[in-house]
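Comments concern the structure below.
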Amino acid sequence: MKNREIAHIFESIADILELQGENLFRVNAYRNAARILQDLARDVEHVAAEGKLAELPGFGKSIVEHVEEYLKTGRMARYQELRREMPGDLVDMLAIPGVGPRTIVLMKEKLGVTTFEDLKRVINDRSLDALPGMGEKKVDHIRRGYQLYLSARERMTLGVALPAAEEIVERLQKVKGVKHVSVAGSLRRMKETIGDIDILASGTDPAKIVQEFTRLPQVAEVLAAGDTRGSVRVEDGLQIDLRVVTPGEWGAALQYFTGGKAHNIKLRELAGRKGMKINEYGLQKGARRVAAKTEEDIYHKLGLDCMPPEMREDRGEIEAAARHDLPRIVQLADIRGDLQMHSTWSDGGDSIEAMAIAARKLGYEYILITDHSQSLKVAQGLVPADVKKARAEIDRLNAKLKDFRVLAGTEADILPDGSIDYPDKVLEAFDIVLASVHMRLDDPSDRMTERVIRAIENPCVRIIGHPTGRRFGYREASAMDMEKVMKAAAANHVALEINAHYERLDLNDVHARMAADLGVMLVISTDAHNTAGLSMMRFGVSVARRAWLKSEQVLNCKPLGKLLEWRRMSKAVKR
DNA sequence: GCCGTTTTCGGCCCGACTGTTTTCAGTCG
């Protein structure tokens, strides 16, 4: 899928045009096209092949031509040309906090700066101070920004950021005079990675709340503390920003600071068309405030139904809300079981029984034990003789457990040729077979596509685990033709997994929506390697919510009987 | 560069903060 690749090029074009002082609306047109591509629940190559690029919002003549050129030749002449005009590190300097296009161009023209080395020089020899509009503080600000850029703060994963934020929220709730507290920003929208943690609070004495915030025990360093906002760094380096408003502005502020950016822009346009204005203090008609107390008020006064934060990305939710046609998306309470986990039989830390008891405590009806298969030696994959013994253990356990069912499964390896790591005879004895790729993840796209499709077509395989293999901070998603793979999954009644581990979240939100659009059944699994790992389910559910999935589209929202029916049905269709 | 219940031309979201100004430009979210 080249969606991200082309999106990155459009981002770069926008950066360069901005540096060149080009009309900002033209710059935005490229940024908008980049966002549309990133969020697109289709493979752009397929859309182009169908001649439907111009139907994408924000895709006019120029953008369509650029995309077609790139797909045909692997190059974009306009980009190459722009790149030559902005040499050295000039484009990358935009990523330095406190440095924008005006500063970069000024440094280039007056001081001949084109590289990071040049930048360091003009900061240190104070020649930067002499430029118009520059002063001591501004240069200091740029120096600190450059340091920050060098230390290259990686984005945090959701699974790291959310617990840290929740701890702060819990403490703030106990502070005197605090009325509301909530996480906000991309964290509240449950994006898979987060830049900064944003927390919003309300109370009658905001300045005092900010003071209390900076004194929390987790705080390692106070970066800023004003009357309505504070910013701190906690021990492990996370930056947390707090904003405080009055209780009467709570809903407006929560809506505003939750975003996302594109969603908010569209809301403001909508408000404008209705003769209103929207900002963090409320929805205004002239001097009159029409809504501010709750998020619901804000949306309703704009003629919209209120939608969950996970949907607020301008991916069609505003239009659906206006039609009063928002889907009822899946929630954690809809989950009835967990269909991927490991036990001490392979590389897990807890016994099958311990996993079952922990899962029952979560309110589940069933689990699927999916220990690794024989060729995955590093994870102590089971040879067929051990598969039989593990099965016997599960049978004994089921005789003992009431109102709960342990299903015997496997996470069988998809081998380099697309065959499965057990003979059919072994596979047929499992209740449900899950198959995943663990080796040769960097196969070229054609080969990987063929490999996964062959696994999907195996009559015993029911679920494909972590389909793209991406892991934050470790490796990129494997290259493959996602639409082809998904069409094969739909045709063969094979479910695709949303792996809930916060380092995977694979399928991601865009792919999960694509799959659902193509009629594929999804399954949300924790891949837990111990009882604690079962709690990751909420991260997988958040991906599903961002993908607008309904509970009917999620396999493990089915009660046990329906799950087994689905399994039998799919087998019948395939054979 | 895109787009059309204001429009095929003239629009295109809003406010805070900071620093360097003396009314505003640049950057950020």
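Protein chains get the first letters and strands the later ones, always in sequence-line order, with residue 1 at the start of each. Everything numeric in this text was worked out from a predicted model, so none of it was measured.
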Would you kindly give the CZ-to-P distance between A/Arg26 and B/dG1, to the nearest whole Å? 4 Å
Please tell me whether A/Asp89 and A/Thr115 have a donor and an acceptor in their side chains that are separated by less than 3.5 angstrom. no
Mind telling me whether A/His263 and A/Tyr299 have parallel, tilted or perpendicular rings, with 30° and 60° as the class edges? tilted
Protein proximity profile, nucleotides 22-29 of chain B - base contact B, sugar-phosphate-only contact S, no contact -, cut-off 4.0 Å on heavy atoms: ----SSSB
Nearest whole Å is fine: how far is B/dG19 C1' from A/Leu106 CG? 15 Å
Tell me whether A/Arg513 is salt-bridged to A/Glu313, with the criterion being a basic N under 4.0 Å from an acidic carboxylate O. no
Between A/Phe59 and A/Phe10, what is the ring plane arrangement, given parallel below 30°, perpendicular above 60°, and tilted in between? perpendicular
Starting at CD1 of A/Ile142 and ending at P of B/dT18, how long is that distance when rounded to a whole Å? 16 Å
Taking a pair as Watson-Crick or G-U wobble with both distances under 3.5 Å, which nucleotide is matched to B/dG11? B/dC2
Length of the line joining A/Met134:CE and B/dT20:C1', which is rounded to integer Å: 11 Å
In whole Å, what separates the C1' atom of B/dC14 from that of B/dT7? 23 Å
Whole-Å gap separating P (B/dC2) and CD1 (A/Ile63): 5 Å
Counting only N and O atoms by type, is there a donor-acceptor contact under 3.5 Å from the side chain of A/Asp198 to the main-chain atoms of A/Ala184? no
Choose from B/dG1, B/dG19, B/dC12 the nucleotide whose nearest atom is closest to any side-chain atom of A/Lys137. B/dG19
Hey, does A/Leu24 reach any base, or is it just sugar-phosphate, or nothing, if we go heavy atoms under 4.0 Å? nothing
Determine the Euclidean distance between corresponding C1' atoms of B/dC28 and B/dT22; express it in Å to zero decimal places. 24 Å
Taking the P atom in each of B/dG1 and B/dT6, what is the distance between them to the nearest angstrom? 27 Å
Which whole-number value in Å describes the distance from A/Leu270 CG to B/dC12 C1'? 15 Å
A/Gln284 side, atom CD; A/Arg289 side, atom CZ - distance, nearest 0.5 Å: 5.5 Å
Expressed as a whole number of angstroms, how long is the span from A/Asp129:CG to B/dG19:P? 14 Å
Which nucleotide, B/dA16, B/dC2, B/dC12, lies nearest any side-chain atom of A/Phe25? B/dC12
Inter-nucleotide P distance (B/dA16, B/dG11), Å rounded: 26 Å
By nearest-nucleotide position on DNA chain B, the 5'-leaning member of A/Glu136 and A/Ile278 is A/Ile278
Measure from the side-chain N and O atoms of A/Asp506 to the backbone N and O of A/Gly469, and report whether any donor-acceptor pair falls under 3.5 Å. yes
Whole Å only: how far is the CD atom of A/Glu269 from the P atom of B/dC14? 9 Å
Give one of base, sugar-phosphate or nothing for A/Asn23, where a contact means two heavy atoms less than 4.0 Å apart. base
If you measure from the C1' atom in B/dT21 to the same atom in B/dG26, how many Å do you get, rounded? 13 Å
Distance between the C1' atoms of B/dT18 and B/dT23, in whole angstroms? 15 Å
Under 4.0 Å between any heavy atoms, over every strand shown, what does A/Lys61 touch: base, sugar-phosphate, or nothing? Just pick one. sugar-phosphate
Say you pick atom P in B/dT8 and the same atom in B/dG15; how far apart are they, in whole Å? 29 Å
Count the heavy atoms of every other residue, nucleotide or ligand shown that sit under 6.0 Å from CZ of A/Arg471, and state whether that count exceeds 12. yes
